[in-house]
2 protein chains.
Amino acid sequence: MILSRVLETLEPLVPLSVGNKSVKGQPFWTIPKTPCYSIVMANPMISRLFHFLSRFIDLTEEEARALAELDLIREYKKGEYLLRAGETTSTSYFVLQGLVRSYSLIDGEERITQFYQEYDPIAPPCTITGEPSDQYLDCLETSILVVSTEEQAEENLEKYPSFERLCRVLSDKWMAEERTSFNKYKTLTPEQRYLDLVEHRPGLLQRVPQYQLASFLGIKPESLSRIRKRISQRKTPGRSAM
Amino acid sequence: MILSRVLETLEPLVPLSVGNKSVKGQPFWTIPKTPCYSIVMANPMISRLFHFLSRFIDLTEEEARALAELDLIREYKKGEYLLRAGETTSTSYFVLQGLVRSYSLIDGEERITQFYQEYDPIAPPCTITGEPSDQYLDCLETSILVVSTEEQAEENLEKYPSFERLCRVLSDKWMAEERTSFNKYKTLTPEQRYLDLVEHRPGLLQRVPQYQLASFLGIKPESLSRIRKRISQRKTPGRSAM
DNA sequence: GATCTTTCTTAACTTAAGTCAATGCATCCT
DNA sequence: AGGATGCATTGACTTAAGTTAAGAAAGATC
């Protein structure tokens with residue numbers, strides 16, 4: 001398995017602007033170079049999908065065409081729900097552009113469990129377990145997603161065996177990431193988690209209001225405010241007392 | 001995908017005794033009934049592996065033989081390390097019997113991130129990312145594990161395409177479980193997490209000292225002690241005063 | 001059975017997040 | 001401009017976990 005090498009070469013997409021509100025009408029992310037599957041290049045979002053997949057597998061022209069013709073890409077408006085607690089779905093998503101969040105309702109309060117941004121998979125546990133979801137899924141920004149049901153996937157996995165491999169490799173990668181961030185969450189304090197967020201997902205700070213970041217970090221907005229104050233005071237220790 | 005049905009029918013193994021110290025020399029878990037692959041039945045541990053796998057896939061006699069002949073099952077002594085922080089490995093495990101824990105060292109203190117028991121997979125993120133592990137892996141009990149390197153897996157996935165499907169299905173199942181427990185950890189208080197543990201993994205309370213449970217729950221032993229006191233006082237509110 | 005060791009509990013005190021409430025500061029609306 | 005709304009900050013107070021230290025209880029050893 002050469003996934004480690006693969007991951008090293010996967011450069012993140014470069015944002016065109018800070019915050020998606022500031023430059024309206026423009027795509028938020030640059031369109032990446034991608035290997036040339038003929039049918040595919042017309043649509044920049046399909047192109048983006050193949051750019052991502054090319055890091056993990058070499059699809060034949062036929063497979064690429066088949067995948068493109070499945071026509072899996074959909075746009076969801078800001079505020080639109082993909083899933084509500086209590087429902088069950090067999091649908092998974094993959095974010096090509098935009099921002100989706102998952103949260104659960106605890107005593108009437110939204111507790112955000114994840115933000116899904118460009119190149120993130122959204123695989124609700126209920127697609128596997130069949131149990132009613134305890135999570136809500138909604139779009140914080142108008143988002144362009146790859147949409148795939150289990151049934152559809154199943155069908156095409158049989159037709160194109162190399163998809164099976166692709167799915168397994170991606171599952172493994174995402175599993176490792178999930179484990180790693182779980183471990184981080186467990187071992188870091190709220191302050192360290194915030195600093196980790198600043199370091200590793202700085203884009204989120206621009207795209208998400210602070211009270212939602214707080215919820216994601218597992219604390220109250222007031223606490224995040226105090227943490228930020230603490231940090232800024234520590235960084236500027238001088239120029240006090242006269 | 002019929003994994004939801006599959007999961008419903010997967011009954012947990014029944015422990016023979018409470019705590020592995022009490023009944024020495026006896027197997028801790030009953031040996032399950034399993035479909036009859038001829039080569040396999042000799043060894044109860046291989047039998048157990050196939051019992052588990054049969055819930056997810058029907059292997060041909062040839063595939064079953066191939067899998068058995070890979071000779072992947074090993075015993076590790078109590079206290080033995082499978083992985084240390086700083087190292088990288090391509091080896092994953094699957095617990096047939098025993099108890100393994102992962103932890104990281106924070107300021108010289110062991111912070112337990114997971115207990116792996118019967119039927120749990122152990123897939124260190126470094127097998128995928130290639131980065132040095134931040135986690136230690138060691139056996140809390142003498143354990144019997146399926147041992148599999150990426151290279152070996154890779155080789156056999158090519159030879160036996162249905163293994164590819166098996167791996168993907170298992171990855172998906174484990175991914176869903178990982179997500180679910182992450183969400184739980186985020187949304188529950190330490191006290192609720194303890195109660196959840198009592199309800200869903202009661203065996204652990206017998207097999208693991210309290211200070212390690214506390215670490216796993218993300219709190220100090222003293223706090224767990226207080227939490228338990230709080231709970232027991234709540235359950236026995238009467239018979240006080242005079 | 002007495003001793004040593006490990007684990008668990010308790011208590012007093014500290015720390016940081018939660019809670020509640022008030023204020024400041026944008027932006028949006030008409 | 002004025003008012004409403006939503007979000008971030010601040011302060012006073014509460015709560016629960018962390019810290020430190022001392023014993024009690026349970027197990028292991030000889």
Side-chain angles (χ1 to χ4, degrees), chain A residues 18-22 24 78-79 99 101 103 106-112 115 138 140-141 185-198 204-236, chain B residues 17-24 78-79 99 101 103 106-112 115 138 140-141 185-198 204-236:
Chain A
V18 178
N20 65 335
K21 293 167 193 165
S22 38
K24 283 175 187 166
K78 179 175 176 173
L99 189 60
R101 110 246 236 212
Y103 67 92
I106 310 282
D107 301 326
E109 185 201 11
E110 290 177 1
R111 304 281 281 271
I112 296 177
F115 295 110
D138 66 347
L140 296 180
E141 301 171 5
Y185 191 91
K186 275 189 166 178
T187 49
L188 300 182
T189 64
E191 177 172 330
Q192 292 169 323
R193 289 203 289 271
Y194 172 71
L195 290 170
D196 186 72
L197 199 68
V198 170
L204 271 189
L205 306 217
Q206 312 300 326
R207 298 170 85 174
V208 171
Q210 236 179 81
Y211 73 94
Q212 292 194 11
L213 287 179
S215 175
F216 174 62
L217 292 171
I219 57 178
K220 302 287 157 188
E222 296 92 331
S223 295
L224 180 53
S225 199
R226 277 190 291 247
I227 285 173
R228 283 161 47 86
K229 192 181 180 183
R230 225 154 55 203
I231 292 170
S232 68
Q233 284 175 344
R234 218 177 301 148
K235 272 205 301 217
T236 324
Chain B
S17 65
V18 178
N20 64 335
K21 294 164 193 169
S22 37
V23 185
K24 282 175 187 168
K78 179 174 177 175
L99 189 60
R101 111 248 236 212
Y103 68 91
I106 308 282
D107 302 327
E109 184 200 13
E110 289 177 2
R111 305 282 280 273
I112 297 176
F115 295 110
D138 65 349
L140 295 181
E141 300 172 4
Y185 191 92
K186 275 189 166 177
T187 50
L188 300 183
T189 64
E191 178 172 331
Q192 291 170 323
R193 288 203 290 272
Y194 172 72
L195 290 170
D196 186 73
L197 199 68
V198 171
L204 271 189
L205 306 218
Q206 313 300 327
R207 298 170 85 175
V208 171
Q210 236 179 80
Y211 72 93
Q212 291 193 13
L213 287 179
S215 175
F216 174 62
L217 293 171
I219 57 178
K220 301 287 157 188
E222 296 90 335
S223 295
L224 179 54
S225 198
R226 276 190 295 244
I227 286 172
R228 282 161 49 85
K229 191 179 181 185
R230 226 154 54 203
I231 292 169
S232 69
Q233 285 177 344
R234 217 177 302 148
K235 271 204 302 217
T236 324

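Here is how names work: the chains are called A, B, and so on, in the same order as the sequence lines, proteins then strands, and each is numbered from 1.
An OP1 or OP2 oxygen of dT9(D) is reached within less than 4.0 angstrom by a side-chain nitrogen or oxygen of Q210(A).
A donor-acceptor pair under 3.5 Å is absent between the side-chain atoms of T187(A) and the main chain of I106(B), judged by distance alone.
Cation-pi geometry between R193(B) and Y185(B) is met: the NZ or CZ atom falls under 6.0 Å from the ring centre, inside 45° of the normal.
Between the OH atom of Y211(A) and the C1' atom of dC7(D) there is a distance of 8 Å, given to the nearest Å. Rounded to a whole Å, the CD1 atom of I231(B) is 10 Å from the P atom of dA17(D). Taking atom CG of L140(B) as the reference point, atom C1' of dT6(C) lies 16 Å away to the nearest angstrom. Atom C1' of nucleotide dC7(D) and atom CD of E110(A) are separated by 15 Å, given to the nearest angstrom.
Between the side chains of T189(A) and Q192(A), at least one donor N or O sits under 3.5 Å from an acceptor N or O.
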Notebook entry, point to check: Should E191(A) and R228(A) be marked as a salt bridge (charged side-chain N to carboxylate O under 4.0 Å, His left out) after you check the CA-CA gap, both sets of side-chain angles, and the distance that decides it?
Noted result: CA-CA 8 Å; E191(A) 177 172 330; R228(A) 283 161 47 86; over 6 Å; no
Next item on the list: Could you go through the side chain to side chain contact (heavy atoms under 4.5 Å, CB included) check for I219(B) and I227(B) one step at a time?
Entry: CA-CA 10 Å; I219(B) 57 178; I227(B) 286 172; 3.7 Å; yes
Margin query: I'd like to know whether L140(A) forms a side chain to side chain contact (heavy atoms under 4.5 Å, CB included) with F115(A), so could you lay out the CA-CA distance, the side-chain angles of the two residues, the decisive distance to 0.1 Å, and finally the verdict.
Written below: CA-CA 9 Å; L140(A) 296 180; F115(A) 295 110; 3.6 Å; yes
Check: What one-letter contact string describes nucleotides 11-20 of chain C from 5' to 3', where B marks a base within less than 4.0 Å of any protein heavy atom, S marks contact via sugar-phosphate atoms alone, and - marks no contact?
Finding: SB----SBBB
